[in-house]
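Okay, so here's the structure we're looking at.
Quick note on labels: first sequence line is chain A, next is B, and so on, each numbered from 1.
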Amino acid sequence: MEMGIVQVGIGSVILYIEGNKLTKIELSNKKLDEKECGIFTEQIKQYFDGKRKTFDFEVKLTSGPVFQKIWDYVKKIPYGTTQTYGEIAKKLKTNPRVIGFAMASNPLPIYIPCHRVVSKKGLGGYTGGLEWKKYLLNLEKKYSQ
DNA sequence: TACGGAGGGGATC
DNA sequence: GATCCCCTCCGTA
């Protein structure tokens with residue numbers, strides 16, 4: 001299992017790579033030492049520089065069919081925009097509750113832009129902490145203009 | 001089989 | 001507005 005670390009303004013992004021595929025992304029609020037790891041760290045860096053809006057490396061997702069569907073849909077939410085749990089639930093003919101659960105168990109934040117999924121009333125929650133969610137939304141807002 | 005989770009909407013005060 | 005309550009449902013243990 002290989003590992004890559006990218007340092008960003010708010011903390012560090014830790015990437016876990018198995019074979020040629022990204023298996024897990026972890027968000028840390030600590031400043032960790034950077035560690036290059038091929039296209040994975042490269043694309044993440046570009047994303048945080050506002051130079052990249054989509055990722056095209058291989059990933060490994062292991063979960064049930066419903067979550068796969070939800071993640072696939074979330075991946076298609078355009079850069080710089082947001083959608084509510086309710087809207088997505090309606091599109092996929094399921095419950096907002098299920099969407100929330102899918103986001104919470106999503107192993108690949110950023111790659112699957114769950115920060116673009118917000119609650120109808122506010123921000124909703126975020127696995128790596130709400131600071132990250134705000135940071136990412138702000139970043140995309142800044143670079144999508 | 002039971003349980004919980006990053007929501008939503010309606011009823012009520 | 002602010003609570004409360006009930007809906008609903010997939011993955012994990």
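- Salt bridge status for Lys45(A) with Glu34(A): present, with a side-chain N to carboxylate O gap under 4.0 Å.
- Each of Phe55(A) and Ile14(A) belongs to its own hydrophobic cluster when Ile, Leu, Val, Met, Phe, Trp and Tyr are linked at side-chain heavy-atom distances under 4.5 angstrom.
- No donor-acceptor pair closer than 3.5 Å links the side chain of Glu26(A) to the backbone N or O of Leu15(A).
- Between Glu2(A) and Lys21(A) there is no salt bridge, since no side-chain N of the basic residue sits under 4.0 Å from a carboxylate O of the acidic one.
- Counting only Watson-Crick or G-U wobble pairs whose defining distances are both under 3.5 Å, the stems of 3 or more consecutive pairs in DNA chain B are B:1-5 with C:9-13, B:7-13 with C:1-7.
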request  = Show the numbers, then the answer: is there a ring pair (Phe, Tyr, Trp, His ring centres under 6.0 Å) between Phe67(A) and Phe101(A)?
outcome  = CA-CA 9 Å; Phe67(A) 280 20; Phe101(A) 193 22; 5.8 Å; yes
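- Here dA6(B) presents its C1' atom at 15 Å from CD of Glu131(A), a figure rounded to the nearest Å.
- The number of heavy-atom neighbours closer than 6.0 Å to NZ of Lys90(A), taken from other residues, nucleotides and ligands shown, is 12 or below.
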task = Do nucleotides 8-13 of chain B as a string where each nucleotide becomes B, S or -: B if the base has a protein heavy atom under 4.0 Å, S if just the sugar-phosphate does, - if no protein is that close.
result = SS----
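- Contact record, Ile70(A) with Met103(A): CG2-CE, 3.6 Å, taken as the closest heavy-atom pair.
- Distance Ile70(A) CD1 to dA6(B) C1': 12 Å, rounded to the nearest Å.
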List every contact pair, protein side and nucleotides 7-11 of chain C side both N or O, where the distance is under 3.5 Å.
from   : atom 1 : to       : atom 2 : distance (Å)
dT8(C) : O4'    : Asn95(A) : ND2    : 3.1
dT8(C) : O3'    : Asn95(A) : ND2    : 2.5

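- One finds a salt bridge joining Asp72(A) and Lys76(A) here, because a Lys/Arg side-chain nitrogen approaches an Asp/Glu carboxylate oxygen to under 4.0 Å.
- Using a 4.0 Å cut-off between a side-chain N of Lys or Arg and a carboxylate O of Asp or Glu, Lys24(A) and Glu18(A) do not qualify as a salt bridge.
- Between Tyr79(A) and Tyr47(A), the ring planes lie perpendicular to each other; the angle is over 60°, past the 30° to 60° tilted range.
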